[in-house]
Amino acid sequence: MEVLERSFYERDPKIVATNLLGKKLVRRLNDTSLEGIIVETEAYYGLEDPASRAYKGRKNYNFAMWGEVGRLFIYNVHNNWLLNIVAHEVGKIGAVLIRAIEPLQGIEVMRQNRGVNDIFNLANGPGKLTKALKIDKSHYGFPVTSKDSEIFIAEYRIKFEMDCSYRIGVSKDLEEQLRFFIKGSRFLSR
DNA sequence: AGGAAGATCTACT
DNA sequence: GTAGATCTTCCTA
């Protein structure tokens with residue numbers, strides 16, 4: 001499997017967010033491999049982005065956004081863990097939120113983890129996909145750039161059309177449309 | 001102690 | 001499709 005390397009994430013979050021679409025998210029859990037295609041992402045910036053977790057400055061829970069790219073930034077919202085990958089240019093702040101995946105492998109385990117049967121309802125939302133893949137705060141700071149990591153992103157070549165919109169659920173958004181998704185996918189969060 | 005949060009579920013129109 | 005209740009974590013005071 002061709003794992004995306006660190007330099008992939010050392011770019012503007014928007015660029016990384018668009019390029020993560022169609023890639024494969026891999027979660028090694030015990031002996032099984034849970035995998036899915038990333039179909040929906042959002043880009044977040046630093047102090048200039050009111051919707052960003054980094055907006056109010058560096059805190060105990062968000063310091064990862066300042067740190068090394070290609071690592072996990074995880075936090076809780078309304079009882080849901082949200083999976084982000086730290087991504088920014090050198091010396092800047094940012095991350096990409098993974099909002100939805102299309103399950104490929106380990107689907108039965110995902111069904112158990114989620115307690116639902118419908119494949120279109122397994123991982124079609126940021127809180128749902130972390131539950132399906134059993135990801136939580138304990139994975140904070142994990143690198144996604146190594147095949148040996150419990151969680152990593154791999155190359156996966158498919159053809160698709162991209163579309164974009166404003167970010168979902170944020171109280172104060174930027175002017176720019178920073179949510180990206182695979183057009184027509186049935187696995188989107190909405 | 002109080003409140004906000006990048007969501008989800010259910011129950012409707 | 002929208003509306004409201006509800007959920008836990010972690011911040012601020």
Side-chain angles (χ1 to χ4, degrees), chain A residues 9 12-21 25 27 36 38-67 69 71-88 92-103 110-142 144 151 153 162-190:
Chain A
Y9 304 97
D12 188 303
K14 181 174 59 177
I15 306 292
V16 177
T18 58
N19 281 287
L20 275 174
L21 291 178
L25 173 65
R27 162 75 163 122
I38 298 173
V39 296
E40 182 178 342
T41 60
E42 283 178 1
Y44 285 87
Y45 290 86
L47 305 172
E48 73 280 18
D49 180 358
S52 171
R53 274 295 186 274
Y55 182 56
K56 289 180 178 163
R58 189 172 171 143
K59 314 275 184 199
N60 261 333
Y61 75 106
N62 67 9
F63 67 92
M65 287 188 77
W66 279 254
V69 300
R71 288 177 176 268
L72 294 179
F73 168 44
I74 297 174
Y75 60 90
N76 189 286
V77 160
H78 298 279
N79 196 23
N80 299 286
W81 295 108
L82 270 55
L83 179 68
N84 299 252
I85 302 178
V86 179
H88 53 76
K92 298 204 173 177
I93 306 162
V96 173
L97 170 67
I98 311 293
R99 287 192 56 90
I101 63 170
E102 171 179 344
M110 295 190 206
R111 286 199 168 109
Q112 287 168 23
N113 291 344
R114 283 270 295 129
V116 300
N117 203 37
D118 180 8
I119 191 166
F120 297 111
N121 190 28
L122 277 185
N124 60 329
K128 296 180 188 177
L129 80 89
T130 53
K131 189 174 278 182
L133 301 183
K134 266 207 162 59
I135 294 172
D136 59 33
K137 182 101 189 255
S138 69
H139 304 281
Y140 195 100
F142 273 37
V144 294
I151 300 160
I153 310 288
M162 187 178 76
D163 207 346
C164 62
S165 75
Y166 289 106
R167 292 176 292 189
I168 290 180
V170 305
S171 36
K172 280 169 287 182
D173 207 348
L174 293 170
E175 287 292 314
E176 209 178 342
Q177 299 195 332
L178 291 170
R179 168 177 175 251
F180 308 96
F181 54 95
I182 290 182
K183 199 173 180 179
S185 170
R186 296 187 61 188
F187 297 90
L188 302 175
S189 64
R190 58 168 69 168

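Small disclaimer: the values here were computed from a predicted structure and weren't measured. Chain naming here is simple, since letters A, B, ... match the order of the sequence lines and numbering starts at 1 in each.
Closest to the side chain of A:Tyr61, out of B:dA7, C:dT8, C:dC11, is C:dC11. Listed nucleotides C:dC10, B:dT8, B:dA7 differ in distance to A:Lys128; the shortest reach to its side chain belongs to B:dT8. The A:Asn121 side chain lies nearest to B:dC9 when the options are B:dT8, B:dC9, C:dC10.
Within the 4.0 Å cut-off from OP1 or OP2 of C:dT12, not a single side-chain nitrogen or oxygen of A:Lys56 is found. Regarding contacts with the backbone of C:dC11, every side-chain N or O of A:Arg58 stays at 4.0 angstrom or more from both OP1 and OP2. Within the 4.0 Å cut-off from OP1 or OP2 of B:dA7, not a single side-chain nitrogen or oxygen of A:Lys131 is found.
We find that CG of A:Asp118 is positioned 13 Å from P of B:dT10, with the value rounded to whole Å. Rounded to an integer number of Å, the gap from A:Tyr75 OH to C:dC10 P is 13 Å. Remark: C1' of C:dC10 and NZ of A:Lys137 are 8 Å apart, rounded to the nearest angstrom. Between the CG atom of A:Asn76 and the C1' atom of C:dC11 there is a distance of 12 Å, rounded to whole Å. Put simply, CG on A:Leu82 is 14 Å from P on C:dT9, counting in whole angstrom units. Put simply, CH2 on A:Trp81 is 15 Å from P on B:dT8, counting in whole angstrom units. Between the C1' atom of B:dA5 and the CG atom of A:Leu97 lies a distance of 13 Å, rounded to the nearest Å. Look at OH on A:Tyr55: it is 15 Å from C1' on B:dA4, rounded to the nearest Å.
Across all strands shown, A:Arg190 has no heavy atoms under 4.0 Å from either base or sugar-phosphate atoms. Nucleic acid contact for A:Asn60: sugar-phosphate only, since backbone atoms but no base atoms lie under 4.0 Å from a heavy atom of the residue. Within the nucleic acid shown, A:Arg114 comes within 4.0 Å of sugar-phosphate atoms alone, with no base atom in reach, counting heavy atoms only.
Shown here, C:dG1 forms a base pair with B:dC12; the pair counts as Watson-Crick or G-U wobble because both key distances fall under 3.5 Å.
The ring of A:Phe73 has its center closer than 6.0 angstrom to the ring center of A:Tyr75.
Put simply, the side chain of A:Asn113 never gets that close to the backbone of A:Arg111: no donor and acceptor are under 3.5 Å apart. Between the A:Asn62 side chain and the A:Gly57 main chain, a donor and an acceptor come within less than 3.5 Å of each other. Here the side chain of A:Ser185 pairs no donor or acceptor atom with the backbone of A:Ile182 at under 3.5 angstrom.
When the nearest nucleotides of DNA chain B are assigned to A:Gly125 and A:Lys172 by heavy-atom distance, the more 5′-ward of the two goes with A:Lys172. Each of A:Asn62 and A:Asn79 has a nearest nucleotide on DNA chain C; the 5'-most of these lies closest to A:Asn79.
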Problem set entry | Candidate pair A:Leu133 and A:Met110, rule side chain to side chain contact (heavy atoms under 4.5 Å, CB included), full reasoning | CA-CA 6 Å; A:Leu133 301 183; A:Met110 295 190 206; 4.0 Å; yes
